[in-house]
Protein chains: 2
Amino acid sequence: MAAQRRRPTQVDIARRVGVSQATVSLVISGGAASEQVAEGTRRAVLRAAAELGYTVNAAARRLKGGRNRMLGLYTFEPVFPVGQRDFYFPFLLGVEEATAEYGYDLLLFSSASSGGDRRIYASGVNRLKVADGCVLLGRHLHRDDLAALVQEDFPFVFIGRREVAGAELSYVAADYVGATSGMVRELARLGHRRLAYLKLSDGQEPTQDRESGFLQGLGEAGIPAGECPVHLVGEADSITGDLLRGWLADGVTALLVEPSEDDSTIVAVERAAEAVGVRIPEDCSVVLLGDPALGENARDWTRFALHREQMGREAVRLLLDLLDDEDDGPRQLSVPCTPIAGDSVAQPPAVTGGAAR
Amino acid sequence: MAAQRRRPTQVDIARRVGVSQATVSLVISGGAASEQVAEGTRRAVLRAAAELGYTVNAAARRLKGGRNRMLGLYTFEPVFPVGQRDFYFPFLLGVEEATAEYGYDLLLFSSASSGGDRRIYASGVNRLKVADGCVLLGRHLHRDDLAALVQEDFPFVFIGRREVAGAELSYVAADYVGATSGMVRELARLGHRRLAYLKLSDGQEPTQDRESGFLQGLGEAGIPAGECPVHLVGEADSITGDLLRGWLADGVTALLVEPSEDDSTIVAVERAAEAVGVRIPEDCSVVLLGDPALGENARDWTRFALHREQMGREAVRLLLDLLDDEDDGPRQLSVPCTPIAGDSVAQPPAVTGGAAR
DNA sequence: CACCGGATCCAATACGTATTAAGGACTCAG
DNA sequence: CTGAGTCCTTAATACGTATTGGATCCGGTG
């Protein structure tokens with residue numbers, strides 16, 4: 001009846017059975033080392049444990065073992081972003097699933113979000129280190145935080161290719177280079193000979209990769225890069241109908257658009273086309289260099305899919321590799337994207353003569 | 001350059017600064033007791049901590065009985081359920097937001113899911129104890145796990161009313177009683193005099209609460225409970241067109257349906273009605289006792305909304321109350337639901353004479 | 001009898017932190 | 001110069017478990 005406030009420990013069991021705590025530990029831990037305990041003692045300990053309602057103290061066990069069996073998840077975006085939910089959610093899903101599969105727990109670093117601007121080193125202290133390792137995520141990162149993290153030799157994996165001067169780090173990235181060049185080749189196959197490329201101006205790695213892929217694809221298709229305009233999208237309203245019309249007049253027949261997080265570039269393209277009466281894809285083909293989470297009533301753009309959930313899973317796998325192996329080399333993994341044939345691409349309008357297959 | 005594999009501890013800091021580990025602990029723990037340490041020492045310790053990349057060991061602090069600023073989230077459902085995603089997600093969202101606001105981190109206990117069946121005491125270990133406290137969630141719980149948790153005197157809050165024999169526990173629950181009785185009163189106001197109630201057969205607390213509300217509403221409306229059939233929904237296919245027609249023949253003009261997790265009861269009702277040519281709401285009004293996440297093309301059922309996100313937030317608040325206050329009494333919070341007037345309720349078909357307002 | 005080997009079990013210790021009683025140094029009044 | 005008082009720091013200990021190098025006992029062998 002008397003509710004014992006303190007929960008029973010191995011010492012309590014030991015006292016009751018009349019053995020030492022060490023023996024109890026041997027029995028409880030089970031497995032290999034438990035064989036050296038006499039069968040009678042063993043059973044007595046187990047019975048006492050059951051009677052007392054003993055459960056091992058996870059904190060103590062972990063303290064002893066050194067590892068926490070906790071993986072961290074830190075994102076430079078809000079952890080459960082409301083607006084962008086659908087973009088980041090699959091990553092989280094993959095990370096969570098893989099973490100669970102490997103028998104780890106997942107620590108979400110939410111506390112850092114106070115004050116809007118997310119930093120790892122809030123008050124000089126690196127919170128992430130409570131976890132054994134960490135998966136990082138998000139577009140708006142702080143380079144110096146990342147650099148410091150590398151310097152500390154803290155094991156982590158970024159989802160998305162990231163570079164830090166003077167240090168290589170581990171990441172799982174979508175193969176934007178391959179996916180973009182593939183898109184270019186496909187357009188070329190359809191007969192397009194002059195393409196315009198709308199890229200974001202933040203100069204992040206994903207943007208760089210798409211540009212590399214663009215140039216590479218042009219090369220493979222034998223299209224002179226000089227003839228293909230590259231437009232930097234600073235503000236969304238820099239995409240005007242006039243701009244579009246100018247390109248078409250110059251012989252451009254297809255647009256490759258890098259989607260921004262708020263999808264403003266896509267909306268802007270659509271609006272500009274409408275404004276000057278340009279039909280997609282009849283007058284101009286459009287390809288999205290990514291897989292934005294658009295609304296229900298959005299059109300079925302030709303684009304490529306990121307396997308986000310798989311990327312999340314791979315990130316965890318990489319991280320565990322990092323933790324287990326002594327050899328510390330950073331690991332990079334590139335996950336191919338899958339082209340999605342939508343309805344925004346067609347053969348170029350017949351001007352001189354359509355190039356059928 | 002030399003990557004030190006072992007995480008630095010307070011002892012390392014102490015050695016470097018030339019003070020004792022105790023002093024380091026005083027400084028690191030910060031807050032009240034940290035005042036008694038000289039400003040110079042204090043700064044030296046903090047700088048050394050930053051330089052070494054020190055982070056407190058969660059397990060050790062927890063073992064000692066201290067706080068982690070970590071809240072756990074344990075769910076008996078998958079943490080990021082794919083199918084039921086939309087039902088549980090708002091809870092998580094609320095928990096996460098509130099946790100972040102209070103400056104805590106959130107630890108998702110995913111690892112326990114090994115073997116499909118989620119248990120807290122997987123191998124005799126209560127993993128939850130690494131966190132300061134825990135929010136629990138999910139319909140398919142294990143009573144004995146819950147009982148053990150109470151016995152251990154571990155601070156936790158359940159989302160959803162739960163009972164355990166011989167112990168009171170803390171929870172944040174939707175006010176199903178009030179919401180259901182309100183629905184009954186509203187139906188009565190429209191003139192309905194005989195209602196049928198379809199309840200799930202699992203006998204969980206939420207089901208009990210709806211039934212209480214049903215009976216209470218009948219009482220307030222002056223409707224004899226004996227005249228209102230209560231149908232236990234074991235299998236979804238127990239709802240047949242014949243059953244429905246029988247009720248209508250008996251004078252039943254409205255159905256109160258408890259939604260199951262897979263929405264099968266709702267689908268079954270809709271199908272049965274269609275099968276025997278019963279129109280909703282012209283021939284029969286239907287009220288959902290809950291707020292299931294239906295597909296896009298589902299009809300606009302009359303139902304009530306759960307404020308899930310708010311419930312998640314309140315759960316965190318309650319949990320922090322539990323942690324802070326010495327007095328250990330369990331706290332319960334009931335969150336009102338909001339009726340949603342859909343298109344599945346109308347006045348009863350005029351048989352003897354419609355009771356207009 | 002001395003020695004050995006196997007079978008059981010235990011004492012001691014480490015893990016990293018928080019807490020507390022007590023020690024040391026220094027100041028100030030008498 | 002002494003005693004009290006103030007301020008800062010530390011030694012010691014506890015938390016619950018896992019591990020390891022012995023200790024103890026016992027029967028058997030040379």
Side-chain angles (χ1 to χ4, degrees), chain A residues 4-45 49 52-70 125 129-130 132, chain B residues 4-45 48-49 52-70 123-127 129-130 132 152-154:
Chain A
Q4 49 178 352
R5 220 71 207 125
R6 202 176 57 85
R7 51 186 226 137
T9 73
Q10 292 186 352
V11 175
D12 297 324
I13 299 182
R15 258 200 288 271
R16 173 181 262 239
V17 178
V19 297
S20 77
Q21 175 268 327
T23 304
V24 175
S25 174
L26 285 179
V27 172
I28 298 291
S29 307
S34 146
E35 302 304 331
Q36 60 175 296
V37 167
E39 188 54 28
T41 321
R42 177 191 171 73
R43 267 207 293 265
V45 167
L52 289 176
Y54 167 84
T55 60
V56 340
N57 181 323
R61 177 174 278 184
R62 287 216 251 254
L63 171 57
K64 183 60 188 162
R67 290 286 175 77
N68 267 338
R69 290 198 84 74
M70 268 191 231
V125 188
K129 299 189 100 176
V130 283
D132 294 340
Chain B
Q4 51 175 345
R5 210 74 210 116
R6 203 176 57 84
R7 287 174 32 171
T9 73
Q10 292 187 350
V11 175
D12 297 324
I13 299 181
R15 257 200 290 270
R16 172 180 264 239
V17 178
V19 295
S20 77
Q21 173 267 327
T23 305
V24 175
S25 174
L26 285 178
V27 173
I28 297 291
S29 308
S34 142
E35 303 303 332
Q36 61 172 296
V37 101
E39 189 54 26
T41 320
R42 176 194 172 71
R43 268 207 292 266
V45 166
L52 289 176
Y54 168 83
T55 317
V56 44
N57 180 321
R61 173 176 282 181
R62 194 56 195 150
L63 172 59
K64 186 53 193 159
R67 290 290 174 74
N68 262 341
R69 292 199 83 74
M70 266 191 228
S123 48
V125 192
N126 174 2
R127 321 204 67 245
K129 298 201 79 168
V130 211
D132 294 346
E152 278 192 33
D153 198 33
F154 179 76

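Convention: sequence-line order gives letters A, B, ...; per-chain numbering from 1. In this text, all values refer to a predicted model and were calculated from it rather than measured experimentally.
If you check C:dT17, C:dC10, C:dC9 against the side chain of A:Thr41, the one that comes closest is C:dC9. Counting only heavy atoms from C-beta on, A:Ala38 has its side chain closest to C:dT8 among C:dT8, D:dT10, D:dA18. Residue A:Val19 has its side chain nearest to C:dC10 when only C:dC10, C:dT19, D:dA18 are considered. Closest approach to the A:Tyr54 side chain among D:dT9, C:dC9, D:dT17 is made by D:dT17 (side chain taken as heavy atoms from C-beta onward).
Neither OP1 nor OP2 of C:dC15 sits under 4.0 Å from any side-chain N or O of A:Arg62. Considering only side-chain N and O atoms, A:Thr9 lies nowhere under 4.0 angstrom from the phosphate OP1 or OP2 of D:dG16.
Looking at every heavy atom in both residues, B:Pro8 comes nearest to B:Gly53 through CG-O, 3.8 Å.
By the 4.5 Å heavy-atom criterion applied to side chains, B:Asp12 and B:Arg15 are counted as neighbours. Between A:Thr41 and A:Val27 the shortest side-chain heavy-atom distance does not fall below 4.5 Å. Within the 4.5 Å cutoff, no side-chain heavy atoms of B:Met70 are placed close to those of B:Val130. Looking at A:Ile13 and A:Gln21, their side chains never come closer than 4.5 Å, going by heavy atoms from C-beta outward. Using a 4.5 Å heavy-atom threshold, the side chains of B:Val24 and B:Val17 count as separate. The shortest distance between side-chain heavy atoms of B:Ile28 and B:Tyr54 falls below 4.5 Å.
The CZ-P distance, from A:Arg42 to C:dA7, rounds to 16 Å in whole Å. Going from atom CE of B:Met70 over to atom P of C:dT17 covers 13 Å, rounded to whole Å. Regarding B:Leu26, its CG atom lies at a distance of 8 Å from the C1' atom of C:dT19, rounded to whole Å. Per the geometry, CG belonging to A:Asp12 stands 8 Å off P belonging to D:dG16, to the nearest Å. When the P atom of C:dT8 is taken as reference, atom CD of A:Gln36 falls 10 Å away, rounded to whole Å. Atom pair A:Arg15:CZ and C:dC10:P shows a separation of 14 Å (rounding to whole Å applied). The nearest whole Å value for the distance from the NZ atom in A:Lys64 to the P atom in C:dC15 is 7 Å.
Taking for each of A:Ala22 and B:Leu63 the nucleotide of DNA chain D with the nearest heavy atom, the 5'-most of the two is the partner of B:Leu63. Both B:Glu39 and A:Gln10 lie near DNA chain D, and the one whose nearest nucleotide falls closer to the 5' end is B:Glu39. Nearest-nucleotide positions on DNA chain C for B:Thr23 and B:Ala60 put B:Ala60 closer to the 5' end.
With axes fitted over five pairs at each extremity, the angle between the ends of the helix from C:dC1-D:dG30 to C:dG30-D:dC1 is 80° (10° resolution).
With values rounded to the nearest 0.5 angstrom, B:Asn57 atom CG is found 6.0 Å from A:Leu63 atom CG.
No donor-acceptor contact under 3.5 Å links the side chain of A:Gln21 to the base of C:dC10.
Using a 4.0 Å heavy-atom distance criterion, A:Gly40 is classed as making no nucleic acid contact.
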